[in-house]
Novice: 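One structure is given below, represented as structure tokens, and several questions about it will come after.
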2 protein chains.
Amino acid sequence: MTAAVAAARPAGGENGAMSTSSTRRDATRQKLYEAAVTLIAEQGFSGTTVEEIADRAGVAKGTVYYNFGSKTELFEGLLRHGVGLLTDALRRAAADRPPVEGLEAMVRAGLEFIAAYPSFAQLFVAETWRTNRAWHDTLRLLRDEAVSVVSGVLDEAVRQGALAADLDTRLTASALFGMVLVVALDWLAFQPERSVDDVHAALVRLLRGRIRG
Amino acid sequence: MTAAVAAARPAGGENGAMSTSSTRRDATRQKLYEAAVTLIAEQGFSGTTVEEIADRAGVAKGTVYYNFGSKTELFEGLLRHGVGLLTDALRRAAADRPPVEGLEAMVRAGLEFIAAYPSFAQLFVAETWRTNRAWHDTLRLLRDEAVSVVSGVLDEAVRQGALAADLDTRLTASALFGMVLVVALDWLAFQPERSVDDVHAALVRLLRGRIRG
DNA sequence: GTATTTAAACTGACCAGTCAGTGCAAAAGG
DNA sequence: CCTTTTGCACTGACTGGTCAGTTTAAATAC
């Protein structure tokens, strides 16, 4: 009968029990992330249907609900996944480098990340300052993690005397973040033929205050 | 007679015939803009219903369709209205000032604009790099107008020798734009107690390259 | 032989856009 | 004066369609 119903609905994604390296599920989830990120970047969360996502991933609608509890959970998983990649890239760029050099490497890592995942970057800007959304807390947490990698390096630079002691590192990290984000998105949207090196060089020059005539 | 009435449905908004200072309609449209900007900033375009907008504006749903042809047209009107305000503010800031000073005044104008219309700023970042949307062309046009005010001043500064001759003014304008946008949104979201002066000072210092220890 | 995926039908809520009609203020008419 | 007409601005119930999420039975991996 309608009975037992629910039965085994895995639903939860990142709960305690580690998914025992189920390669198949992981592959499906990956495909769903990739499909969802493009569509949601273009159309927004509410403007994108679950069926569209499933279709583009080449998967049945039911599979979405087998792998994720809901549309929202799929999206949260996607955010976690994406910001995780960015944070790792930033950390890797800063590692084993003196702070100021590390900062410039992080700028490059940011540009490269956005070039590699433009849809994610787009979606990220669109959602970051929105409040009252289901995933707002998740996103803010993730964002803080990424930004703190930057401000951490700035703090270290201040500690070593490479940057002014009274520098507002929080605001500076924001400014850096915004600069890279907007420059990268504009670059990709309007002058995609330019190389990363080129864009990076222009940005670094700006940062070093080597602008005046 | 109660009669046939309905007859003329104006629908179109910005057509040739100038609306002869219809104060009532203008007031209604203004209320609708104000209601729509907040809701769409919070929930996105597709996530916001026309009825919600009407309710918040204290108006019936039909009124929306009396004043605008569609939900999309309402939104486009809103974009035009908002970006127009920003562009004017930037132009006013730059007017009658030497370029470098004008630049710093524009940064302040940007901060003040975002502080005055945070929802609009939010909505603007969310939509600017989205492609494939109905209003994409409109928005790109408006954005170019605003950015060109900035790059125009940069060009003038280069011409006068105040900034380096080989400065990439387009990219620099983007960077400036991004910096102000993200810093302002973070400021309002996380440290709203800070004053504009304070934030402005920190930004200008960064721009002048007075960061090193 | 269990875990995962498929395909297809179904439900119930929600929503953009429509339309017949109301209210009101300023002419038009007497 | 008063009353009739005109037309703008607005109203809100209604319609046709859409979509998240469910359910099921059967197929396909591992």
Side-chain angles (χ1 to χ4, degrees), chain A residues 1-13 17-32 35-36 39-40 43-76 133-135, chain B residues 1-13 15 17-32 35-36 39-40 43-76 134-135:
Chain A
M1 287 317 92
T2 107
V5 191
R9 175 147 302 232
M18 212 60 289
S19 52
T20 36
S21 70
S22 163
T23 317
R24 190 151 167 241
R25 274 192 96 161
D26 287 350
T28 304
R29 286 200 168 112
Q30 184 66 35
K31 277 192 295 182
L32 284 170
L39 289 166
I40 298 181
Q43 308 176 328
F45 178 80
S46 312
T48 303
T49 70
V50 172
E51 206 158 19
E52 268 180 307
I53 297 173
D55 281 356
R56 178 182 280 232
V59 142
K61 188 181 173 185
T63 304
V64 174
Y65 288 95
Y66 183 77
N67 282 280
F68 299 94
S70 66
K71 189 187 180 186
T72 303
E73 269 178 46
L74 161 59
F75 186 53
E76 282 187 325
R133 306 289 280 169
W135 52 78
Chain B
M1 301 295 96
T2 104
V5 189
R9 178 152 301 240
N15 36 18
M18 212 61 292
S19 53
T20 35
S21 69
S22 166
T23 317
R24 182 137 173 248
R25 273 192 97 159
D26 287 350
T28 303
R29 288 201 167 111
Q30 184 67 35
K31 278 192 294 181
L32 284 170
L39 289 166
I40 297 181
Q43 307 176 325
F45 178 79
S46 311
T48 303
T49 70
V50 172
E51 207 159 21
E52 268 180 306
I53 297 174
D55 281 356
R56 177 182 279 234
V59 142
K61 189 179 178 184
T63 304
V64 174
Y65 289 94
Y66 181 76
N67 282 280
F68 300 94
S70 64
K71 189 186 179 185
T72 303
E73 269 178 46
L74 161 58
F75 187 53
E76 281 186 325
W135 51 80

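First the proteins, then the strands, lettered A, B, ... as listed; each starts at 1.
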Novice: Please state how far atom CD in A:Gln43 lies from atom C1' in D:dT18, giving the value in whole angstrom units.
Specialist: 14 Å

Novice: Name every residue in residues 47-57 of chain B that has at least one heavy atom under 4.0 Å from any atom of DNA chain D, in order of residue number, or write none if there are no such residues.
Specialist: none

Novice: Write down the distance between CZ (B:Phe75) and C1' (C:dG17), rounded to a whole number of angstrom.
Specialist: 19 Å

Novice: A:Thr48: which residues meet the side-chain hydrogen bond (donor to acceptor under 3.5 Å, both in side chains) condition with it, sequence neighbours left out?
Specialist: A:Gln43

Novice: Are B:Glu76 and B:Phe68 side-chain neighbours, meaning at least one heavy-atom pair lies under 4.5 Å?
Specialist: no

Novice: Measure CG/A:Leu39 against P/D:dC19 and give the value in whole Å, please.
Specialist: 13 Å

Novice: Could you list the protein-to-nucleotides 25-30 of chain D atom pairs, N/O on both sides, closer than 3.5 Å?
Specialist:
none

Novice: Please produce a list of atom pairs where a protein N or O lies less than 3.5 Å from an N or O of nucleotides 6-12 of chain C.
Specialist:
residue: C:dT6; atom: OP2; partner: A:Ala60; partner atom: N; Å: 3.0
residue: C:dT6; atom: OP2; partner: A:Thr63; partner atom: OG1; Å: 2.6

Novice: side-chain contact (heavy atoms from CB on, under 4.5 Å) with A:Ala57: which residues, sequence neighbours excluded?
Specialist: A:Lys31, A:Leu32, A:Ala35, A:Val59

Novice: Quickly work out the A:Arg25 CZ to C:dT5 C1' distance and round it to whole Å.
Specialist: 11 Å

Novice: Hey, is the side chain of B:Asn67 poking within less than 4.0 Å of OP1 or OP2 on D:dC10, counting only N and O atoms?
Specialist: yes

Novice: Can you tell me the distance, in whole Å, between the OH atom of A:Tyr65 and the P atom of C:dT4?
Specialist: 19 Å

Novice: Working to the nearest 0.5 angstrom, can you tell me the gap between B:Trp135 CH2 and B:Phe45 CZ?
Specialist: 4.5 Å

Novice: Just the rounded figure in Å: distance from P of D:dC8 to CG of B:Asp26.
Specialist: 15 Å

Novice: Quick one: side-chain hydrogen bond (donor to acceptor under 3.5 Å, both in side chains) partners of A:Glu51, sequence neighbours excluded?
Specialist: none

